[in-house]
Each structure stands twice: as structure tokens, then as C-alpha cells.
Amino acid sequence: MSTGGRSGARLASASCTGFFRNASTSPPSVAVSPSKAGKATCSHAVPFVLPRGGLARDAARRWFHRQRLDPAIAAEVDGHEALLTLVSLGVGAGVVPRLVLDTSVAKGRLAVIPTDPPIGTFVVGLCARRTDLRRPVLSALWASVAATRRSPDHGA
């Protein structure tokens with residue numbers, strides 16, 4: 001079955017009919033350096049290990065532009081764990097979503113580089129059929145996201 005072209009667009013829009021949507025903003029991305037490097041800063045002299053593409057790469061690119069930085073790119077990787085491993089080995093500083101750093105096995109070997117303004121956040125969208133919201137795990141996830149959106153520190 002072909003999903004390209006006009007029929008693909010109709011299929012995509014038809015499959016969202018009757019869906020309940022929700023969205024949340026993730027914690028900001030952070031710049032990280034090896035913890036043994038001492039107090040690091042983001043500057044022209046610091047090479048960076050960056051994701052090859054994606055939201056973290058886009059957030060880093062926008063932040064560099066706002067800061068008028070054109071850093072040397074030491075490496076580009078396909079995964080966040082690979083990025084954090086290279087940073088922990090001293091290849092350069094890196095940019096990852098905070099959640100990735102907080103759950104990484106490399107976390108103890110890394111330090112967050114203070115950035116002002118923060119590097120950026122991601123808007124994460126969730127989409128589910130109303131009937132699937134009766135499933136306990138999905139219902140709990142949905143309630144958690146809804147509660148986060150209502151919290152005063154979320155900015156909603």
C-alpha cells in the first residue's frame with residue numbers, strides 16, 4: 001500500500017480524526033563537559049560534540065547563533081549516549097536534553113556548563129485515540145502530562 005503523495009496526506013489526516021492531543025515542554029537542553037575539566041564555559045575556544053541532527057542539534061545551533069558563537073565541531077554523532085561518552089573522554093563539550101543527562105550512565109563523569117540564557121526546550125506532543133486512554137499505563141501518562149501543564153512552574 002502506498003502512503004506517499006496525496007493519498008498519504010489523506011491517510012495521515014484521517015487517522016488523527018477523533019484523537020485527543022496533549023503536549024508538554026521538556027526541560028531545557030544543557031551543555032556538558034567532562035567533570036575533571038574543572039569549571040568550563042562555552043566559548044569559541046571550546047570544541048563541541050553535537051548530535052548529527054534533530055531537536056538538540058537545532059537548539060544548539062539557535063543558541064550558538066544568539067550568542068554569536070561559531071564553535072569548532074569536534075564530532076557529530078547519531079546518539080546522545082555516544083555524545084556523552086565522547087564528552088566524558090575529553091573530545092569536547094556537548095549539548096543534550098537535560099533528561100538524557102539525568103538518566104545517563106555517564107552522568108557521574110560529566111558537569112553541566114552554566115549557560116545564560118538557557119539553551120532551549122522541546123515541545124513534546126502526545127497523541128492517542130480516546131478509546132486507548134482507558135488503558136491504565138496510557139491514562140497515567142496522560143494525567144501526568146496534564147498535571148505538568150497545569151503546574152505554576154511550567155509556564156502554562
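Keep in mind the model is a prediction, meaning the values are calculated, not measured. Every heavy atom of this structure was used, including side-chain atoms; hydrogens, water molecules and symmetry mates were not.
Residues Leu133 and Ser139 have side chains not in contact (no heavy-atom distance under 4.5 Å, counting atoms from C-beta outward). Contact of the Trp63 side chain with the Pro118 side chain is not registered, since no non-hydrogen atoms from C-beta on lie closer than 4.5 Å.
Residues Arg57 and Pro51 share a closest heavy-atom pair of NH1-O, 2.9 Å. Across all non-hydrogen atoms, the minimal contact from Val112 to Arg98 is CG2-NH1, 3.6 Å. Scanning all heavy atoms of the two residues, the minimum distance from Ala75 to Leu86 falls at CB-CD1, 4.1 Å. Minimum interatomic distance between Pro71 and Phe48 (heavy atoms only, all atoms of both residues): CB-CD1, 3.7 Å. Shown here for Val49 and Gly92, the closest heavy-atom pair between the two residues is CG2-N, 4.1 Å.
Residues passing the side chain to side chain donor-acceptor pair (under 3.5 Å) test with Asp116, sequence neighbours excluded: none.
To the nearest 0.5 Å, the span separating CZ on Arg109 from CG on Leu84 amounts to 9.0 Å. Atom CG of Leu110 sits about 6.0 Å away from atom CG of Leu101, to the nearest 0.5 Å. Note that NE2 of His80 is 8.0 Å distant from CG of Leu83, once rounded to the nearest 0.5 Å. Expressed to the nearest 0.5 Å, how far CG of Asp102 lies from NZ of Lys107 amounts to 4.5 Å.
The side-chain contact (heavy atoms from CB on, under 4.5 Å) with Phe64 is formed by just one residue from the set Ile119, Leu69, Asp70; it is Leu69.
A side-chain donor-acceptor contact under 3.5 Å links Ser88 to the backbone of Thr85. Judged purely by atom type and a 3.5 angstrom limit, Trp142 has no side-chain atom pairing as donor or acceptor with the backbone of Val137. At least one donor-acceptor pair under 3.5 Å links the side chain of Thr103 to the backbone N or O of Leu99.
Annotation: salt bridge (charged side-chain N to carboxylate O under 4.0 Å, His left out) contacts involving residues 131-146, sequence neighbours excluded, comprise Arg129-Asp132.
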